[in-house]
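Chain naming here is simple, since letters A, B, ... match the order of the sequence lines and numbering starts at 1 in each. This one's a predicted model, so the numbers in the text were calculated from it and none came from an experiment.
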Amino acid sequence: MESENKQFKRYLVTTALPYANGPVHIGHLAGVYIPADTYVRYLRMKGEEVLFVGGSDEHGVPITIKAEKEGCTPQDIVDRYHGIIKKSFEELGISYDIYSRTSSAMHHETAAEFFKKLHADGKFIEKESEQYFDPERQKFLSDRYIVGTCPKCGAEGAYGDQCEKCGSSLSPDELINPHSQLSGAALVKKPTKHWYLPLDQYEPWLREWILEGHKEWKTNVYGQVKSWIDSGLQPRAVTRDLDWGVPVPVEGADGKVLYVWFDAPIGYISNTKELCEKTGDNWERWWKDQDTKMVHFIGKDNIVFHCIIFPCMLKAYGDGYILPENVPANEFLNLENDKISTSRNWAIWLHEYLEEFPGKQDVLRYVLTANAPETKDNNFTWKDYQDRNNNELLAIFGNFVNRILVLTHKFYEGAVPAVANLTEADQAVIDEMNGYPKKIGTLIENYKFREALQELMNLGRLGNKYLTDNEPWKQIKTDPERVKTVMAVSLQIVAKLAILSEPFLPFSAHKLQAMIGMEGMKWADAENTILLPEGKMLNKPELLFEKIEDSVVEAQLKKLEEIKKANELNAWKPAAVKQTVSFDDYMKVDVRVGTILECCKVPKADKLLQFLIDDGMKKRTIVSGIAKYYTELEKLVGKQVCFVANFEPRKLKGVVSEGMILSAEDKDGRLVLLTPSDLVAPGCSVG
RNA sequence: GGCGGGAUAGCUCAGUAGGUUAGAGCGUCGGAUUCAUAACCCGGAGGUCAUGAGUUCAAUUCUCAUUCCCGCUACCA
């Protein structure tokens with residue numbers, strides 16, 4: 001099963017489908033799209049047959065929510081973001097053979113067919129469960145459409161999966177007074193049928209295929225897959241009650257669509273078909289031929305889907321579908337020491353970058369490759385961006401090219417001189433430079449893009465050193481014959497750079513190739529010593545990179561600073577006042593003061609503290625989710641707190657809690673216990 | 001809390017199937033140079049390899065515990 005030695009006839013390369021509810025940012029690029037594009041460009045230059053497939057993931061609940069919020073249709077949302085994403089990828093030079101979308105007709109057809117066959121072959125199990133139903137709209141609601149009062153912070157408008165006020169994750173059953181976000185109607189529970197893929201049945205096969213057969217996968221990927229398999233796989237629902245997506249194509253499935261994780265990876269197949277239909281190619285040779293090598297480029301949050309679930313789907317389908325040979329998942333990129341976040345607008349958006357930094361695609365590609373999160377989360381800073389541009393890309397690569405071309409025009413009016421009478425040192429340099437194509441290529445084939453780029457720069461360093469060692473600007477006065485050889489050798493290095501930089505820096509590579517009159521070179525060509533023959537006329541040199549000034553970086557930092565400020569201002573206004581309640585209703589709640597007698601952490605729970613409270617009559621146990629904010633527990637003993645005395649007891653992590661301790665939630669989410677300003681008798685009521 | 005990944009020079013990262021002085025790039029300091037976008041080239045300084053134990057003749061590398069960061073997942077009457 002080891003693929004190390006196997007020779008493949010063609011490569012199918014996929015990139016995680018970006019979710020079309022927002023634009024693409026530098027985290028996506030560094031983790032997925034730039035490494036994938038570098039890989040693909042390299043393979044093409046090697047003369048391999050490659051298909052590079054991408055597309056937008058356009059189904060799922062968040063898109064429908066966003067549409068609801070903005071008062072438009074889901075299709076409007078995905079049209080907008082698909083447009084932005086596709087265009088920005090093109091401008092960055094991500095060289096897809098096809099970038100399509102899961103709302104396409106071809107995808108709907110393909111995904112439906114895929115489901116139908118699995119269904120017909122009995123690969124699913126069917127289960128019925130009780131779900132919330134909106135009687136007015138006559139449909140089942142997904143978690144996100146169910147709103148109610150947050151059981152934790154009491155905020156109105158908490159969603160069935162999460163309260164945005166306090167950030168706690170919820171299940172619809174926990175919500176107080178659940179009702180429909182669509183109609184406002186109170187919800188009822190009704191049984192609904194769904195189809196499940198029994199992943200557990202594929203466990204022995206997964207073990208064999210990955211744990212035995214793919215020990216070469218990256219540690220983060222292998223480790224996570226192993227832990228999933230070892231802890232026992234569960235059947236996973238492949239359908240949902242929703243009206244946005246691919247309708248479930250069997251009888252009795254009205255109002256149901258394919259679950260987005262089931263539908264999205266099939267998009268790789270649909271998009272392949274869409275392309276092949278246009279070009280007259282046979283799509284099956286890409287997906288059903290053991291001589292095709294499939295590689296999925298993804299981020300670490302996607303490992304399970306691409307290593308376990310999608311392979312199980314393909315395996316269940318059978319019919320010769322191939323499996324990925326590798327899934328080089330990357331870690332995450334931070335921005336200025338803070339997690340990138342779409343909702344907090346903490347990101348550098350690709351489409352904005354392209355607008356603000358015209359012609360600087362390669363700078364971004366360079367920086368994100370040089371600092372790619374290949375083994376651990378990395379940090380992007382604008383200072384680093386500037387340094388890498390000014391001190392590496394420009395100073396080593398751009399500068400070397402420029403010095404050579406300027407000298408060639410100065411000494412020889414732009415005509416390449418001949419290599420003659422090589423010294424030992426010349427030969428050593430030639431040998432070294434001829435080794436780079438292989439060195440860099442091997443690194444790329446092993447997904448070590450950062451190191452590969454480093455080696456490319458080392459070729460530039462080799463050139464700079466050779467030049468300094470031989471000082472042609474001095475020798476031209478004393479030994480012009482010798483200078484011809486030095487310049488000729490240097491020019492071959494420039495030519496090599498023009499070829500080998502193409503996977504990483506396609507725009508600059510093409511610019512350089514045009515300057516020295518080289519076109520359509522293959523990777524293997526770079527192994528030849530003489531790429532620019534004697535007498536060849538070079539075009540006028542232009543600068544490949546320009547210096548990035550402090551002011552540019554400062555402007556970007558200021559922009560981020562403002563986002564941070566705006567976030568602080570927006571995030572914390574007091575919550576809207578809740579619905580009016582009657583005095584009688586209020587009096588039903590019995591709030592009292594109690595004295596803390598004991599306090600300890602609840603085992604195996606991060607957030608829970610267990611209190612023993614003197615309520616004036618007895619000792620009662622109350623569990624409260626404030627462990628994060630109170631670490632010195634001994635200091636709490638003796639303090640008085642307010643608590644709800646007449647809640648039904650409830651079991652939390654095995655401990656029965658008899659009430660709820662009241663605390664205030666500060667704007668940063670911190671919980672602060674409420675304590676009477678003077679000592680009072682335990683058990684006295686608060687009102 | 002469970003599982004996975006990570007913690008190495010001022011910064012961003014490599015690395016060690018355990019073995020004399022732990023690497024690279026950038027930054028910094030010094031030198032040399034002027035063909036080149038004040039870029040290049042040479043040299044120096046800079047690390048108790050997160051913390052604490054254990055195994056070993058020997059641990060940054062293996063084992064265990066702890067702390068912190070990231071992802072998945074559980075708990076917040």
Side-chain angles (χ1 to χ4, degrees), chain A residues 150-154 163 166-170 174 176 218-228 230-231 299-304 329 331-332 334 339 367 370-381 383-384 387-388 390-392 394-396 398-408 410-411 448 450-451 453-454 457-458 460-461 463-469 471-474 476 483 487 490 541 543-547 601-609 622-628 643-644 646-663 671:
Chain A
C150 173
K152 187 204 166 196
C153 67
C163 171
C166 64
S168 43
S169 50
L170 306 170
E174 291 177 273
I176 299 160
K218 289 174 70 167
T219 42
N220 58 344
V221 177
Y222 189 88
Q224 190 167 340
V225 169
K226 184 171 183 331
S227 97
W228 264 67
D230 286 347
S231 58
K300 67 173 164 183
D301 54 339
N302 249 320
I303 291 173
V304 178
E331 302 283 310
F332 281 1
N334 291 325
K339 229 193 286 192
V367 173
N371 193 20
E374 287 178 6
T375 51
K376 64 176 181 192
D377 290 0
N378 278 0
N379 191 29
F380 177 97
T381 64
K383 178 79 174 73
D384 184 61
D387 284 346
R388 288 196 187 271
N390 293 356
N391 304 331
E392 296 179 26
L394 184 153
I396 294 164
N399 182 44
F400 172 66
V401 169
N402 190 237
R403 354 176 25 186
I404 297 300
L405 297 187
V406 167
L407 284 176
T408 305
K410 202 174 202 172
F411 295 163
K448 297 190 174 178
R450 205 167 47 191
E451 208 180 329
L453 185 60
Q454 181 82 16
M457 296 308 282
N458 283 341
R461 289 189 176 94
N464 276 316
K465 182 164 163 47
Y466 179 69
L467 207 58
T468 304
D469 286 348
E471 301 180 300
W473 49 90
K474 258 188 199 168
I476 191 75
V483 170
M487 288 305 298
S490 299
L543 296 180
L544 288 176
F545 308 103
E546 55 188 28
K547 197 163 174 172
K601 279 209 67 178
V602 176
K604 302 193 177 189
D606 266 0
K607 301 182 182 172
L608 302 183
L609 287 183
I622 300 182
V623 176
S624 183
I626 56 172
K628 224 167 113 188
F643 66 96
V644 179
N646 61 340
F647 262 153
E648 309 176 5
R650 160 133 180 197
K651 214 176 205 182
L652 288 168
K653 281 278 166 187
V655 181
V656 177
S657 178
E658 309 162 285
M660 178 171 82
I661 292 181
L662 301 184
S663 48
L671 296 173

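In a base pair of the Watson-Crick type (N1 to N3 plus N6-O4 or O6-N4) or a G-U wobble (N1-O2 and O6-N3), with each distance short of 3.5 Å, U33(B) is matched with no nucleotide. Pairing partner, U56(B): none, since no Watson-Crick or wobble contact has both distances short of 3.5 Å. When both pairing distances are held under 3.5 Å, C26(B) makes a Watson-Crick or G-U pair with G10(B). Pair assignment for G4(B): C70(B), on the basis of Watson-Crick or G-U wobble contacts that are both within less than 3.5 Å. Across all strands shown, the partner of A65(B) is U51(B), judged by Watson-Crick or G-U wobble contacts whose two distances both fall under 3.5 Å. Remark: C75(B) base-pairs with no nucleotide in the shown strands. Criterion, Watson-Crick or G-U wobble with two distances under 3.5 Å. A45(B) is unpaired under the Watson-Crick or G-U wobble criterion, no partner having all donor-acceptor distances under 3.5 Å.
Rounded to an integer number of Å, the gap from Leu662(A) CG to C76(B) P is 17 Å. Atom P of nucleotide A36(B) and atom CG of Asn391(A) are separated by 20 Å, given to the nearest angstrom. Here the P atom of nucleotide G25(B) and the NZ atom of Lys465(A) are 13 Å apart, to the nearest Å. Rounded to whole Å, atom P of G4(B) lies 19 Å from atom CZ of Phe332(A). In this structure, Asn402(A) atom CG and U37(B) atom P are separated by 6 Å, rounded to whole Å. For Leu544(A) and C40(B), the CG to P distance is 16 Å, given to the nearest whole Å. With rounding to whole Å, Glu451(A) atom CD is found 12 Å from G23(B) atom C1'. Residue Asp384(A) contributes atom CG, which lies 8 Å from atom C1' of C11(B) at whole-angstrom precision.
The same atom, P, is picked in U34(B) and in C41(B); the two are 16 Å apart, to the nearest Å. Comparing U55(B) with A9(B), their C1' atoms are spaced 30 Å from each other, to the whole Å. Using atom C1' as the reference point in both G44(B) and A36(B), the two lie 26 Å apart (nearest Å). Comparing the P positions of C11(B) and G27(B) gives a spacing of 15 Å, expressed to the nearest Å. With C1' as the reference atom, U60(B) and G52(B) are 15 Å apart, rounded to whole Å. Across the P atoms, G71(B) and A45(B) are found 40 Å apart, a figure rounded to whole Å. A distance of about 34 Å separates the C1' atoms of C26(B) and C62(B), rounded to the whole Å. Taking atom C1' on both U67(B) and U51(B), the two are 7 Å apart, rounded to the nearest angstrom.
Ionic pairing of Lys300(A) and Glu331(A) is present here: one or more N-O contacts between side-chain nitrogen and carboxylate oxygen are shorter than 4.0 angstrom.
Nearest-nucleotide assignment on RNA chain B puts the 5′-proximal partner with Asn458(A), out of Val304(A) and Asn458(A). Residue whose closest nucleotide on RNA chain B sits further toward the 5' end, between Asp377(A) and Phe411(A): Phe411(A).
Counting non-hydrogen atoms under 4.0 angstrom, Leu453(A) reaches nothing in the nucleic acid. Residue Lys226(A) is classed as having no contact, given no heavy-atom separation below 4.0 Å to the nucleic acid. Residue-level contact check: Glu658(A) touches neither bases nor backbone, having no heavy atom under 4.0 Å from any strand. Within 4.0 Å (heavy atoms only), Asn220(A) reaches sugar-phosphate atoms of the nucleic acid but no base atom. Among the protein residues, Lys383(A) comes within range of no part of the nucleic acid, since none of its heavy atoms lies under 4.0 Å from any strand. At a threshold of 4.0 angstrom between heavy atoms, the contacts of Gln454(A) are confined to the sugar-phosphate backbone, with no base atom among them. As judged by a 4.0 angstrom heavy-atom cut-off over every strand, Phe545(A) is placed among the base-contacting residues. Here Lys300(A) lies in heavy-atom contact (under 4.0 Å) with a base. As judged by a 4.0 angstrom heavy-atom cut-off over every strand, Asn379(A) is placed among residues touching the sugar-phosphate backbone only. Among the protein residues, Val623(A) comes within range of the sugar-phosphate backbone only, with heavy atoms under 4.0 Å from sugar or phosphate atoms but none that close to a base.
How far NZ of Lys547(A) is from CG of Asn390(A): 5.5 Å, rounded to the nearest 0.5 Å. Within the model, atoms CG of Asn220(A) and CD1 of Ile303(A) stand 5.0 Å from one another, a figure rounded to the nearest 0.5 Å.
Closest to the side chain of Met660(A), from the set C75(B), A77(B), U34(B), is A77(B). With distances taken from any side-chain atom of Glu392(A) to the nucleotides A39(B), C75(B), C26(B), the minimum falls on C26(B). Across U37(B), U33(B), G25(B), the shortest atom-to-atom separation from the side chain of Arg461(A) is found for G25(B). For Leu394(A), the listed nucleotide lying nearest its side chain is U37(B); candidates were A77(B), C35(B), U37(B). Distances were taken from every side-chain heavy atom of Lys339(A) (C-beta onward) to each of C35(B), C41(B), C70(B); the shortest belongs to C70(B). Listed nucleotides: C3(B), C40(B), U12(B). Nearest to the side chain of Ala395(A): C40(B). The side chain of Lys376(A) approaches U8(B) more closely than any other nucleotide in the set C40(B), C26(B), U8(B). The side chain of Leu407(A) approaches C35(B) more closely than any other nucleotide in the set A77(B), A39(B), C35(B). For Trp228(A), counting side-chain heavy atoms from C-beta on, the closest listed nucleotide (U37(B), C72(B), C40(B)) is C72(B). The side chain of Asn464(A) sits closest to C41(B) out of C41(B), C70(B), A77(B).
Two residues are said to be in side-chain contact when any heavy atoms from C-beta on lie closer than 4.5 Å; Met660(A) and Leu662(A) meet this criterion.
Screening Leu543(A), Leu407(A), Leu544(A), Leu394(A) for a side-chain contact (heavy atoms from CB on, under 4.5 Å) involving Asn402(A) leaves a single residue, Leu543(A). Between Pro472(A) and the options Lys410(A), Arg403(A), Met487(A), a side-chain contact (heavy atoms from CB on, under 4.5 Å) holds for only Met487(A).
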Please assess Arg461(A) against Asn458(A) for the test side chain to side chain donor-acceptor pair (under 3.5 Å), listing each intermediate value before the final yes or no.
CA-CA 5 Å; Arg461(A) 289 189 176 94; Asn458(A) 283 341; 2.9 Å; yes
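In this structure, Lys448(A) places its NZ atom where only 12 or fewer heavy-atom neighbours from other residues, nucleotides or ligands lie under 6.0 Å away. Heavy-atom neighbours of Glu546(A) CD from other residues, nucleotides or ligands within 6.0 Å: at or below the threshold of 12.
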